[in-house]
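Have a look at the structure below, then the notes.
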Amino acid sequence: MSNSKNFYINGQWVAPEKTHDFDVINPSNEEVCATISLGSEADTNKAVAAAKAAFCSWSQTSKAERRKYLAKLLDIYKARSEEMAQAISLEMGAPQDLARAQQVGAGSWHLDGFLKAFDEFEFERDFTATEKTLYEPIGVCALITPWNWPMNQIVLKVIPALATGCTMVLKPSEIAPLSGLLFAEFVHEAGFPAGVFNLVNGDGPGVGSQLSAHPDIDMVSFTGSSRAGRLISVAAAETLKRVSLELGGKGANIIFADADEKAVKSGVIRCFRNTGQSCNAPTRMLVERSRYAEAVEQATETAKATTVGPADEEGRHIGPLVSEMQFGKVQDLIEQGIAEGAKLMAGGTGRPDGLNRGYYCRPTVFADVTPDMTIYKEEIFGPVLSIMPFDTEEDAIAIANDTPYGLTNYIQTADDEKRRRVARQLRSGMVETNGSGFAQGSPFGGYKQSGNGREGGKFGLEEFCEVKAVSGWTS
């Protein structure tokens with residue numbers, strides 16, 4: 001990638017103000033696959049200044065004009081999707097099939113969904129016969145995105161910001177920055193005016209903190225850990241800017257005795273997808289006691305049948321964890337699970353057989369997990385499933401809600417009334433039932449320490465708007 005060491009500022013690829021190289025590691029083989037630059041405060045200030053200068057004109061463009069740019073961006077994204085798949089696979093270890101269908105596919109799916117929502121979105125709404133409510137762009141936005149679903153999160157932030165008339169500075173994860181750089185090429189090719197979209201690479205303590213506290217940033221939209229979300233909230237508090245957070249999760253998958261016979265297997269596969277590196281993964285499997293022993297056996301068989309391999313290989317396997325740091329964290333938590341008395345049914349510490357290089361983790365299942373255990377409480381972010389029994393509907397709800405997180409919970413039952421009744425009582429922003437996926441434009445976000453705000457569709461558009469009341473609009 002020719003611009004890997006440059007930043008995209010004010011419509012041009014520019015060299016950093018100071019040299020600070022950072023190696024991007026291919027997690028499949030632990031080798032350097034690219035070198036980027038980490039930005040300085042001077043780079044951050046330059047990008048924010050460009051976005052601020054562009055806001056006045058971009059915020060006043062017509063809805064039709066902004067849609068034209070967005071439609072062109074979608075066409076470019078689709079035409080260059082294979083490039084994007086290879087970038088994501090290389091930087092964060094998504095296997096080829098997953099990278100194409102789900103990692104890249106999530107971006108185009110959300111972009112298409114935003115276009116549909118944008119067509120129906122009313123920026124001027126009648127409140128009374130004489131009063132209007134205006135939805136106006138909030139201003140200059142800092143968009144800070146993670147490494148685990150790069151395009152999913154970049155699109156969920158950049159597109160609604162562009163659509164509503166905001167300008168922005170994007171800081172992708174420095175661990176997986178290649179997809180973000182490629183996306184900046186797409187934006188440039190689409191012809192967006194200079195300064196509307198800017199990209200500066202950097203780490204959290206550097207560019208991330210600078211953007212969060214910058215007086216000319218009106219909003220920070222962040223996806224990542226709850227720990228980092230708290231730090232961003234503190235940094236942003238000084239200027240009282242809006243902060244939208246999509247953070248961690250510890251989802252419960254409640255499987256009642258009457259659930260479909262494939263519920264356990266599909267739950268394990270869903271937990272292990274993207275090597276378990278998803279904030280909405282169903283990592284705690286709660287099974288009604290009469291079916292518990294059978295479920296543990298099924299989950300164990302599914303884990304043992306799950307294959308692990310390099311990202312550049314085709315096939316339905318899981319790839320490596322994203323980094324040495326993430327590998328070490330997951331290994332430590334597996335060790336804690338064993339030490340604290342959870343029953344190890346599959347997997348465990350170390351790499352799978354035959355994989356001696358790369359950040360590969362053994363698909364792991366623990367049974368008889370209890371609320372006092374670390375693996376019950378902490379987000380592991382790896383292919384590790386915890387299983388525990390419950391006796392009553394009330395028990396299942398209490399266990400599911402027994403977490404500081406509240407992103408996504410799951411319910412499996414043939415009883416429709418029970419399914420709806422339980423869903424109403426789960427303290428999470430999303431509840432997936434009987435394997436039915438969410439619709440395009442559905443609001444994505446959580447309760448409690450899983451964050452605030454919603455992404456996707458009309459909800460994502462409203463997130464980047466200020467609301468203005470104007471009286472006497474019609475005399």
Side-chain angles (χ1 to χ4, degrees), residues 146 148-149 224-227 246-255 259 263-287 292 295-296 298-300 302-303 306 308 318 321-322 326-327 329-338 340 342-349 361-390 396-412 426-433 435 444 446-451:
N148 60 323
W149 288 92
S225 70
S226 298
R227 178 194 61 80
E246 197 278 285
L247 307 175
K250 193 69 178 175
N253 185 6
I254 303 172
I255 299 177
V264 172
K265 181 178 179 180
S266 63
V268 177
I269 292 171
R270 180 68 178 79
C271 176
F272 291 169
R273 189 179 74 173
N274 206 39
T275 317
Q277 298 170 128
S278 299
C279 52
N280 60 351
T283 54
R284 293 183 300 152
M285 182 176 286
L286 318 183
V287 185
Y292 180 70
V296 170
Q298 290 173 337
T300 302
T302 304
T306 301
V308 183
I318 65 173
L321 294 165
V322 73
Q326 189 64 23
F327 177 80
K329 175 192 171 186
V330 173
Q331 294 299 304
D332 287 347
L333 285 166
I334 292 173
E335 287 183 0
Q336 281 189 271
I338 296 169
E340 292 175 4
K343 188 174 181 181
L344 182 67
M345 304 301 300
T349 56
C361 181
R362 300 170 68 189
T364 298
V365 171
F366 284 105
D368 301 349
V369 176
T370 56
D372 59 313
M373 295 178 182
T374 304
I375 59 172
Y376 173 96
K377 302 172 185 176
E378 290 194 19
E379 183 180 40
I380 298 173
F381 234 57
V384 181
L385 175 69
S386 298
I387 313 180
M388 59 211 77
F390 69 86
I397 294 166
I399 296 169
N401 288 337
D402 181 28
T403 172
Y405 297 108
L407 189 59
T408 312
N409 285 304
Y410 301 75
I411 303 169
Q412 306 279 348
L426 294 177
R427 296 284 295 163
S428 58
M430 296 167 286
V431 180
E432 180 180 302
T433 72
F444 189 100
Y447 289 13
K448 301 187 284 186
Q449 291 185 30
S450 288

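Remember, predicted model here, so these are calculated numbers, not experimental data. The first residue in the sequence is number 1, and the count goes up from there.
Contact record, Phe327 with Leu321: CA-CD1, 3.7 Å, taken as the closest heavy-atom pair. Nearest approach of Cys279 to Leu247, heavy atoms of both residues: CB-O, 3.5 Å. Nearest heavy atom pair, residue Val365 against residue Ala303, reads CG2-CB, 3.6 Å. Smallest separation of non-hydrogen atoms from Val330 and Cys361: CG1-SG, 3.7 Å. Across all non-hydrogen atoms, the minimal contact from Gly267 to Pro282 is O-CG, 4.0 Å. Nearest heavy atoms, Gly337 versus Phe366: C-CE2, 3.9 Å.
The backbone N or O of Lys448 sits nowhere less than 3.5 Å from a side-chain atom of Arg427 that would complete a donor-acceptor pair. Distance alone, capped at 3.5 Å, is enough to place a donor-acceptor pair between the Glu340 side chain and the Thr374 backbone. In this structure, the side chain of Asn148 engages the main chain of Gln277 through a donor-acceptor pair within 3.5 Å. No donor-acceptor pair under 3.5 Å is formed between the side chain of Ser278 and the backbone N or O of Asn280. A donor-acceptor contact shorter than 3.5 Å is absent between the side chain of Lys250 and the backbone of Leu407. Thr364 places a side-chain N or O within 3.5 Å of a backbone atom of Gly348 that can act as its donor or acceptor partner.
Contact of the Cys271 side chain with the Asn253 side chain is not registered, since no non-hydrogen atoms from C-beta on lie closer than 4.5 Å. A heavy-atom distance below 4.5 Å is not found between the side chains of Phe381 and Thr275. Counting heavy atoms from C-beta outward, Glu379 and Ser225 have side chains that stay 4.5 Å or more apart. Between Leu426 and Tyr410, the closest side-chain pair of non-hydrogen atoms is not below 4.5 Å. Side chains of Ser266 and Thr302 form no contact here, defined as non-hydrogen atoms less than 4.5 Å apart. Residues Gln298 and Val268 form no side-chain contact, since every pair of their non-hydrogen atoms from C-beta on lies 4.5 Å or further apart. Counting heavy atoms from C-beta outward, Arg284 and Ile399 have side chains that approach closer than 4.5 Å. Annotation: side chain of Ile334 is in contact with side chain of Val384 (closest heavy-atom distance under 4.5 Å).
The structure places CZ of Arg270 at 12.0 Å from CE of Met285, a figure rounded to the nearest 0.5 Å. Here Thr306 contributes atom OG1 and Arg273 contributes atom CZ; the two are 14.0 Å apart, rounded to the nearest 0.5 Å. Once rounded to the nearest 0.5 Å, the distance linking NZ of Lys343 with CD1 of Ile387 reads 11.0 Å. A distance of 9.0 Å separates CE in Met373 from CE in Met388, rounded to the nearest 0.5 Å. Atom-to-atom distance recorded for Ser226:OG and Tyr405:OH is 4.5 Å, nearest 0.5 angstrom. Expressed to the nearest 0.5 Å, how far CG of Asp332 lies from OG1 of Thr349 amounts to 10.5 Å.
Exactly one residue among Thr283, Asp402, Thr370 makes a side chain to side chain contact (heavy atoms under 4.5 Å, CB included) with Tyr376. That residue is Asp402.
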